[in-house]
Structure formats: C-alpha cells, structure tokens
Peer 1: 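Sharing a structure here in structure tokens format.
Note that the numbering runs from 1 along the sequence shown for the chain. Order of appearance sets the numbers: ligands from 1, and atoms from 1 within every ligand. Since we're looking at a predicted model, the values are computed, not measured.
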Amino acid sequence: MGELKSPPRQLAAKATNSDYQMCGIVAYIGLKEAYPIVIKGLHRLEYRGYDSAGIALQNGQLNVYKKKGKVSDLEEFTQDKNVSGSAGMGHTRWATHGKPDDTNAHPHISGNQRLVLIHNGIIENYAVLKSALQKHGHDFVSETDTEVLVHLIEEVQQRENLHLEEAVRQALTQVHGAYAIVVMDRNDPDKLVAARKSSPLVLGIGKDEFLIASDATPIVEHTKKVVYLNDEEVATVTRDGRMTIKTLRNEIMTPTIQEIELEIEQLEKGGYDFFMLKEIFEQPATIAECMRGRMNAEKGWVRLGGMEEYKKRMINAQRMIILGCGTSWHAGMIAEYLFEDLARIPVEVEYASEFRYRNPVVRDQDIVLAISQSGETADTLAALELARERGAITYGIGNVVGSSIARMTHSGSYIHVGPEIGVASTKAFTGQVTMLTVMALLLGYERGFLPKSQYQKLVQELSLIPGKVDRLLENCHEQVKYIAGEFKDATNALYLGRGYNFPVALEGALKLKEISYIHAEGYPAAEMKHGPIALIDENMPVFVIATNPSAYDKIMSNIQEVKARKGVVVAVVTEGDQSIKKLADYTIEIPATEEPLTPLLSVVPLQLLAYHIALLRGCNVDQPRNLAKSVTVE
Ligand code: G6P
C-alpha cells in the first residue's frame, strides 16, 4: 500500500452520484459447503450494519432464511434448518427502505420463487418500476426497493426467456440508483451473477471457488487474488471456474486481478474480548506504522509521497478546508490547531454534511482535506465532490485501501493502521492525528514558519510517541478500570479541554456516549461557565484534560470552578504534576511531550475509560445500538 493515487476521472464523478445504502453482502460458489463461509463472512461485514441478516443456499432447491437482529440471531434461527449447499449468499442490513424485520431482510425472492437477490444500495426509481411490475401481476411482500429489483429481473428473464446474466444486465439498464448485487437462479445452480454501481463489490478468485463481497474481509482467508468490479459491470462466476465480466452496454471486459495485502490475523480479536480493546492496545504499533517511511527522527525530517505532486499548491495554499464526520471530524479539529500553529495556514473545519448543503465559498487556491477512516462516508464523499467541482485541490486521509474517497481525491495518504472493526474509532483517530501532524510539520517547515530547530525537535518527539503510548497504556489501565467502576452509573458527564485538547474533550465525550449510552458533552473548558456549569452537582463526573502547559493556570481555575459546585473531577495530567493532583478527585497521568503532540496521548485513557464503563454496563462495545462503522447514507 502506498500513497493514494489520483483517481480516474470517471470513477471520481460516479462515486457520489447517489447516497448509497449500507449493508454487507457476501456470496460463495465452489466445492465446499457455503453456509459456514457465508456466515463467517457476514460476521466480518457486520460493521456495515446489523439490524437484520439473511442467507440463501442452493442445493437443487433454494433455501432462504432471514431474521431481524444480528448475524448471531440468524445462526441461532438456522440451527435446526437445512443449510446444505455449495453455493450461497448472505446479507447483513442497516435499514433505509422499510423497517428492520424478517420480511424486509435480504435475500429477496422473485415471484416465481426462482431467483434470489441480495443488494447494497438504493434503487431510486423503485416506485415507478414497482407500479409497472404490479400492472404485470407482480405482488410484493416487503417494503424494500430490493424486492422490486428481483421482480424486475424475473420479468425481463421470463419475457425474453433469457439466461440469468443477460436478464440481470438488461434489467439493470432500467435502474437508477446505486447497487451492489448478487443473484442466484434455482434453474441455473452452478452460477452466481453480480453487478455494481456506486456500491463496492470485490470478487475473490480461489482454487475451485469464487467469493463475492462488499469488501475483501470475508475473502482474505480463502484467497488473496481479487478483482474490484467497476461501476456498471456485471460479473458471472461458475462452479467450473469461469469468470466473465461485461458492461451494462454488453462489452466484454478483461478483469484486472490484484493481490490483497490484508492478513487474516488483522481481522481476529487476538485474545482480547472486544475489537475495541484490541485496537486501543494496538496504538503503539499503528502510530509507528503510520510514520514508517515518512520520517527520520535522527536526521530530523518528515516526507509524504502523497504530497509530492501537489506540494507547491499546498505550500502556497491560501486556506485549508477540512471535511469529516464523527471522530474524523475531531481529528480535523486538532488539525486546525496544528496547521494554524505550526504552518500558519488558515483552516476551516467543516462537518461534511453541513458543507455540502450550504453553498460554500471554495476557491482554486484552497486545499480541501477529507478525513475518513472508511473512505466511504456518504456526506464526506458528496462534500468532496462539491469541492472538486469548485476547483479546489482535494486530498484524502484514509485507512481503507482503494476506498471511494481514495479514488476520487487528487491525492492523499493512507494512515496504515489496519482494519478497524470496533464501531467506535480509536486507532484510526490516532493514525489520522499522526498523519495530520506530519503534514503540519512538513508544511510549517516548507513555508518557513517553523524554524529548523523546532521542526527537528518536534519530529524527534513525534518519533517517541509510540513508546509513550505503550508506557501510558501499561501504567494507566488498572487505574482507568477503577475510575470506570466509580462512574459506571452516571447519567451525564462533561469533558473539558483547552487548545489542542479541546477536540480531545469532544472525542472523549463521543466515545462515552456512543458505546455506554451515557449522555456526555465535550466543551472548551472556559465555555463551561456559559451553560454546562448549571448542570454540575455531586453526581456529575467532569473529565478535564489538563496537560497543556500554555493553559495550565486557566485550567486550574476551571477545575476550581467545578469543585466549588461540588463536581467530581477526573483530571488527565502530565506525569509529575503536583498542583492539579491536589485539586482533582482522581488523576490519570500521561507522559510529557510537546504540546502539539499531547492529543495523541491524552485521548488514550479516555478511550479506555469509555470502554470499561460500557463493559461494566453490559453494553456490546463493538456494535453499539443504532450505529454503524461505515455510514454510507446521508
Ligand atoms: C461513523 C462511525 C464513526 C466514524 C464516522 C466517520 O459514525 O461510527 O466511528 O468516526 O462514521 O467515518 P469515517 O469512515 O468517514 O471516518
């Protein structure tokens, strides 16, 4: 994996044509039993949604099982069912059209019970298609757009007496919207047909078998050879090892087979109870991985391959606009402090969802930076598309290789932290902040605002961060567990920080609310007196990040203000701190570092704290209710 490359224009334009549905799809055809392979694949894809799941198996007849809930609920449901068959497909859903229930779950079945289909996306003209099909006698049992699609394929197939792939191709020419689909035909049992437009789909080529999935994670343990299907392509794979790819216009394509780099160990929990905990503890390694090849601490330099082509434009940027959602937006907030402080570039940080709908002023001297772990967040994609149309240079900071954002930006850099499975982002956040720090150092030095001595000192200090995170994790874990026990029954919490650590306060609060369901708010410490102070009483924990030397006295006063109202203070302080320790009820120490680098350390105990509180409250840490890892709907 290298730096992000400029995408083909055509892909860039198509990536955001539509806001596409989440959901994960996986299918198998070969000589083995399909059920365990598909179920395992679905577990890997649950990050894409988990409100209902379903599976279809082909064994001379088609058996379809669907269940509201998680993949484990589907497994339980199928325990006493016939799940034999060496071809099959599965789906995990995050509802958009139609409530999450057994009927709306995929796969969907054609009226003649011959075809089954799984779908990730949104069929925009489904209402028109549905009423036309109803006039031809089609009855629908679900509220989904997907069921319309399988009936449409059935209609085309029957009318023209077509084989499956041709029916799928012709039907899709009538469809507007986004889709990644896999279809099976009871009368053609040795074949799977798949197609995509705007929703990702990967084909895995194994020995005597094929897999098809929304991403490579269900495929990697079976084969490393993959083909990324392009927009408006229809692929047919057969049990005897044939694969053909055609465009919707019926041109035959030669597939480009690629080798994936994902290792299976990266997807396993590795002895931890939850992926989130594993990912928190991976941070010393992932931060180091993010820096690898990009800096030399001894010689004191940083470099970014992704910036080379546009370096001049970036150095001369009049302004930087940073786009993101959720945790990635918080990383962007830290970047505002970094770029303004170290490189003197004016920065605006925008929620992608707001930016895209408010006619923003974008100039061709602007650099638009999009931060996204998944590279698939619909709002970020659409905001980027807008910025690009208005002439800005777009730069992506992503994790998932080959994602839509990676393909549609002019350039960018991968954070290289490996797959992040826990819905609450942890190692991706520190990877993003590391990457943004490297960029700010580079631009600060090149623009002449960061003197060489300070530049080299910061590079040197940055190189020490992985070791410091390691030490911090070891030193604070037991204490954080204890503090979690003290506050597990809180109903509200406040997080305060100043300067570089204000965004960390936001991130700490987000971590707590998303996985423990405790209401939490992050605030700039000084703003507390303009509102949140009214909430403070002896039941309200106030988590204060009190590490910045530049604001130390001010934050001391803020703590005193909380204490005066009987608030309970947990302070994150620098090792060796004496004054705040005397004031706060609990303190957690982090190693000393340069102020611009403190977020990389101060966020770690807050991640751990949220994890342990959620665990004590019996929450499903990796799959919090109503959330999804990759939000591909607006
Ligand atoms: C979801 C996830 C968050 C993530 C956000 C942005 O809300 O649950 O963890 O920060 O999306 O995702 P992205 O992939 O664009 O960074």
Peer 1: Quick one: does NZ or CZ of Arg625 land under 6.0 Å from the six-membered ring centre of Tyr517, within 45 degrees of the ring axis?
Peer 2: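 Output yes; distance and angle both within limits.
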Peer 1: Residues around ligand 1, heavy atom under 4.0 Å from any ligand atom, sorted by chain and number. Can you pull those?
Peer 2: Cys325, Gly326, Thr327, Ser328, Ser372, Gln373, Ser374, Thr377, Val423, Ser425, Ala628, Lys629, Val631
Peer 1: Under 4.0 Å between a Lys/Arg side-chain N and an Asp/Glu carboxylate O for Glu221 and Arg44?
Peer 2: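 Salt bridge between Glu221 and Arg44, a charged N being under 4.0 Å from a carboxylate O: yes.
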Peer 1: Hey, do the aromatic rings of His91 and His119 have their centres closer than 6.0 Å?
Peer 2: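 No - the distance between ring centres of His91 and His119 does not fall below the 6.0 Å cut-off.
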Peer 1: Centre-to-centre under 6.0 Å for Phe429 and His330, is that the case here?
Peer 2: no
Peer 1: State whether Lys629 and Glu420 are salt-bridged, where the test is any N-O pair (Lys NZ or Arg NE/NH1/NH2 against Asp/Glu carboxylate O) under 4.0 Å.
Peer 2: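 So Lys629 pairs with Glu420 through a salt bridge.
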Peer 1: Compare every heavy atom of Leu512 with every heavy atom of Ala520, then report the nearest pair and how far apart it is.
Peer 2: CB-CD2, 4.0 Å
